[in-house]
Amino acid sequence: MTRREFTKKSALLGSGLAASTLVACEGTKTIRNDELKVTLPRPIQIVIDDVGWWSGEDGHTRQEPYRTGINRNHVPADYQAIVELGEKLGVRPQAATILCEWDRENILRNLPTSTWMREKWDNSNWVGPWLDEAAAIIRDNQNHYELTMHGVGHEYWEGKNATRAEWADSFGTMRPLDQVELHLDYYEKLLEQNQLGPFPTSFVPTAFLHGFGLTGAHKTSMAAVIKKRGMNYINTPFYNMYNAEGAQYGLFGIDDGILTVDRGKDLLDWDVFGGKPSGILTGSTCGLHWPNMLHADPSRNSEIVDGWVKHLAPYNDKPETLLARNSSSFRNQLVHHVCTKVALHENKINIDFLETNKLQDQLNENPLTIKIESKRKLTFTSDDVTLTDSEILKEKDNYLYTLEIESVNGLEKAVVNFVAS
């Protein structure tokens with residue numbers, strides 16, 4: 001079965017599971033009167049899968065990983081492309097990373113379920129100066145590059161056979177707990193070998209195989225396991241997630257205290273190499289696979305990156321969406337987008353946080369963003385919250401304000417006043 005066939009088959013299975021998803025608190029996203037329209041915009045986080053391979057070869061016919069499926073090896077410039085995308089959009093993309101081909105000391109011989117060579121693992125072909133070059137790019141560009149955990153070797157090897165996938169089987173059942181813990185241990189060892197920074201706080205399951213809550217005979221969930229490692233966020237498509245109906249809030253669920261976000265459907269297939277992005281993002285994630293943003297000639301990666309910048313930048317200028325600056329602000333805005341309510345009364349915007357505060361553990365100090373459309377130029381004030389930033393976009397006779405509101409944590413209600421200026 002090809003990777004595309006596997007994904008389609010899994011999608012059909014998952015769609016049935018997700019059909020009864022319950023939206024527990026559905027806030028008012030947009031309200032309007034004769035003078036203006038107020039929106040709690042949907043945040044969009046950029047997530048790039050399968051970063052970390054040095055070989056681009058699709059090896060699945062030999063019981064090796066699919067990798068990225070491109071017809072060249074990866075180079076440090078491919079990591080720089082992620083940074084460039086982040087810089088040009090003013091965001092911090094998440095790079096969901098596989099680390100086995102970063103193993104400088106062949107330690108994965110001690111973890112035979114993580115690679116196709118098992119106890120005979122030898123990564124000498126991929127040890128060279130490019131490791132240091134790429135590591136420096138990652139370390140030196142933390143504002144525009146977030147290393148997210150994807151996996152050690154992407155699949156799971158039992159004997160000589162690769163099975164999908166590393167963290168869960170094709171039914172979404174978590175792998176044996178002792179193996180999951182070991183894979184996490186070795187992921188951390190590989191981070192340390194290459195000085196790639198602390199353990200990630202976010203996770204994208206390999207092959208999108210994941211279970212929400214308990215799976216199989218396990219007495220603990222994958223979310224609970226990674227929570228002990230300091231993680232607080234999982235991004236995966238719900239159409240492919242076991243027990244998706246357990247996700248309580250439509251666009252996301254809380255699994256053992258971990259925010260689990262529905263990635264939705266990507267704009268391009270995983271193996272589209274250097275393609276031109278098209279289509280409309282309907283969910284809260286812009287999901288890519290690494291080949292989608294690279295060129296056959298690495299020196300021309302910027303051409304593909306610029307295509308993505310051109311496609312994504314307008315989402316910041318729409319009333320109903322914004323590009324999340326980083327995964328922390330993304331999670332915060334997403335909770336508000338779903339649960340916070342807004343209402344208009346005369347010259348006041350009333351904001352209701354009662355439902356949102358039930359998820360206080362998921363909120364952080366990032367500001368809440370609201371967008372306001374008006375035919376008049378407005379000035380905003382509040383006695384309840386701090387208004388830290390106001391951007392104005394004027395098109396013809398219409399103004400679009402992007403208003404950042406701080407000091408909302410713990411508040412039940414707040415009022416923002418507006419007057420024509």
Side-chain angles (χ1 to χ4, degrees), residues 22-44 90 248-252 281-284 313-325 328-421:
L22 173 66
V23 179
C25 65
E26 186 71 13
T28 304
K29 311 297 188 303
T30 301
I31 48 128
R32 69 178 72 207
N33 61 19
D34 293 338
E35 294 190 14
L36 72 163
K37 183 170 76 171
V38 180
T39 302
L40 283 165
R42 167 172 49 90
I44 297 172
Q248 309 94 328
Y249 299 96
L251 289 177
F252 66 88
L281 293 172
T282 58
S284 59
Y315 284 90
N316 256 342
D317 299 332
K318 296 180 179 182
E320 65 273 14
T321 57
L322 61 84
L323 296 180
R325 294 173 184 168
S328 180
S329 63
F330 166 73
R331 298 194 310 274
N332 194 75
Q333 181 71 22
L334 185 63
V335 171
H336 282 291
H337 170 72
V338 172
C339 294
T340 298
K341 298 179 175 66
V342 291
L344 277 169
H345 180 68
E346 296 179 346
N347 66 332
K348 302 179 187 298
I349 301 169
N350 298 310
I351 308 174
D352 184 331
F353 301 107
L354 288 174
E355 292 295 334
T356 314
N357 287 342
K358 295 177 182 179
L359 297 177
Q360 193 68 38
D361 290 346
Q362 302 300 326
L363 299 173
N364 50 55
E365 295 181 358
N366 284 283
L368 159 67
T369 299
I370 63 173
K371 292 191 176 184
I372 301 136
E373 294 175 89
S374 173
K375 292 183 179 181
R376 298 188 298 169
K377 192 170 183 180
L378 302 176
T379 300
F380 302 93
T381 60
S382 177
D383 295 329
D384 304 319
V385 292
T386 302
L387 308 179
T388 60
D389 192 21
S390 178
E391 295 182 6
I392 306 174
L393 178 65
K394 189 175 187 300
E395 290 187 358
K396 297 181 180 179
D397 296 327
N398 203 47
Y399 293 91
L400 176 63
Y401 298 88
T402 300
L403 198 64
E404 292 191 351
I405 303 174
E406 287 192 350
S407 307
V408 302
N409 286 7
L411 282 181
E412 292 186 354
K413 296 185 179 182
V415 175
V416 174
N417 307 290
F418 60 89
V419 296
S421 58

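Residue numbers count from 1 along this sequence. The figures here come from the full heavy-atom set of this structure, side chains too, leaving out hydrogens, waters and symmetry mates.
In terms of modelled atom types and a separation under 3.5 Å, the side chain of N316 and the main chain of L323 share a donor-acceptor contact. With hydrogens and angles ignored, the 3.5 Å screen pairs no side-chain donor or acceptor of T340 with any backbone N or O of T356. Without hydrogens or angle criteria, S284 side chain to P43 main chain gives no donor-acceptor distance under 3.5 Å.
Looking at heavy atoms from C-beta onward, I372 lies out of side-chain contact with F418 at the 4.5 angstrom threshold. Side-chain contact between N347 and V419 is present, with heavy atoms from C-beta onward closer than 4.5 Å. Taking the side chain as every heavy atom from C-beta outward, L363 and V408 never approach each other to under 4.5 Å. You'll find the side chain of I405 reaches within 4.5 Å of the side chain of L387, heavy atoms only. I349 places a side-chain heavy atom less than 4.5 Å from the side chain of L344.
In this structure, the salt bridge (charged side-chain N to carboxylate O under 4.0 Å, His left out) partners of R376, at least two apart in sequence or on a different chain, are E35. Applying the side-chain hydrogen bond (donor to acceptor under 3.5 Å, both in side chains) test to Q362 and every residue at least two apart in sequence or in another chain returns nothing. When the side-chain hydrogen bond (donor to acceptor under 3.5 Å, both in side chains) test is applied to N364, the partners found at least two apart in sequence or on another chain are S328, N366. Taking K318 as the reference, nothing meets the salt bridge (charged side-chain N to carboxylate O under 4.0 Å, His left out) condition, with sequence neighbours excluded. Residues passing the salt bridge (charged side-chain N to carboxylate O under 4.0 Å, His left out) test with R325, sequence neighbours excluded: E404.
The heavy-atom pair separating K371 from P319 by the smallest distance is CD-O, 3.4 Å. Minimum interatomic distance between K377 and Y399 (heavy atoms only, all atoms of both residues): N-CE1, 3.6 Å. Shortest non-hydrogen contact noted between C339 and L359 is SG-CD1, 4.1 Å. For the pair S407 and V385, the tightest heavy-atom approach, listed with the atom from each and the gap, is O-CG1, 4.0 Å. Residues N398 and E373 share a closest heavy-atom pair of ND2-OE1, 3.6 Å.
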Original post:
Is there a side chain to side chain contact (heavy atoms under 4.5 Å, CB included) between T30 and E320 once you walk through the steps?
Top reply: CA-CA 8 Å; T30 301; E320 65 273 14; 5.8 Å; no
Original post:
Can T402 and L322 be said to form a side chain to side chain contact (heavy atoms under 4.5 Å, CB included), step by step?
Top reply: CA-CA 9 Å; T402 300; L322 61 84; 5.7 Å; no
Original post:
Hey, mind stepping through N350 and V342 against side chain to side chain contact (heavy atoms under 4.5 Å, CB included) and telling me if it holds?
Top reply: CA-CA 6 Å; N350 298 310; V342 291; over 6 Å; no
**OP:** With side chain to side chain contact (heavy atoms under 4.5 Å, CB included) as the test, would you mind laying out the steps for V335 and F252 before giving the verdict?
**Re:** CA-CA 8 Å; V335 171; F252 66 88; 4.2 Å; yes
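For residues 368-394, the pairs satisfying ring-ring contact (aromatic ring centres under 6.0 Å, His included) are F380-Y401, with sequence neighbours left out.
At most 12 heavy atoms of other shown residues, nucleotides or ligands fall within 6.0 angstrom of atom CD in E365. Within a 6.0 Å sphere centred on CG of N33, heavy atoms belonging to other residues, nucleotides or ligands number more than 12.
Separation of atoms CG (L334) and CD1 (I44) is listed at 11.0 Å; rounding is to 0.5 Å. Between the NZ atom in K358 and the CZ atom in F353 there is a gap of 15.5 Å [rounded to 0.5 Å]. In this structure, CD1 on I351 lies 6.0 Å from CG on L368, to the nearest 0.5 angstrom. We find the OG1-CG distance between T388 and L403 to be 8.0 Å, quoted to the nearest 0.5 Å. Atom OG of S374 and atom CZ of R32 lie 12.5 Å apart (nearest 0.5 Å).
The only member of H336, K29, Q333 that meets side chain to side chain contact (heavy atoms under 4.5 Å, CB included) when paired with P41 is Q333.
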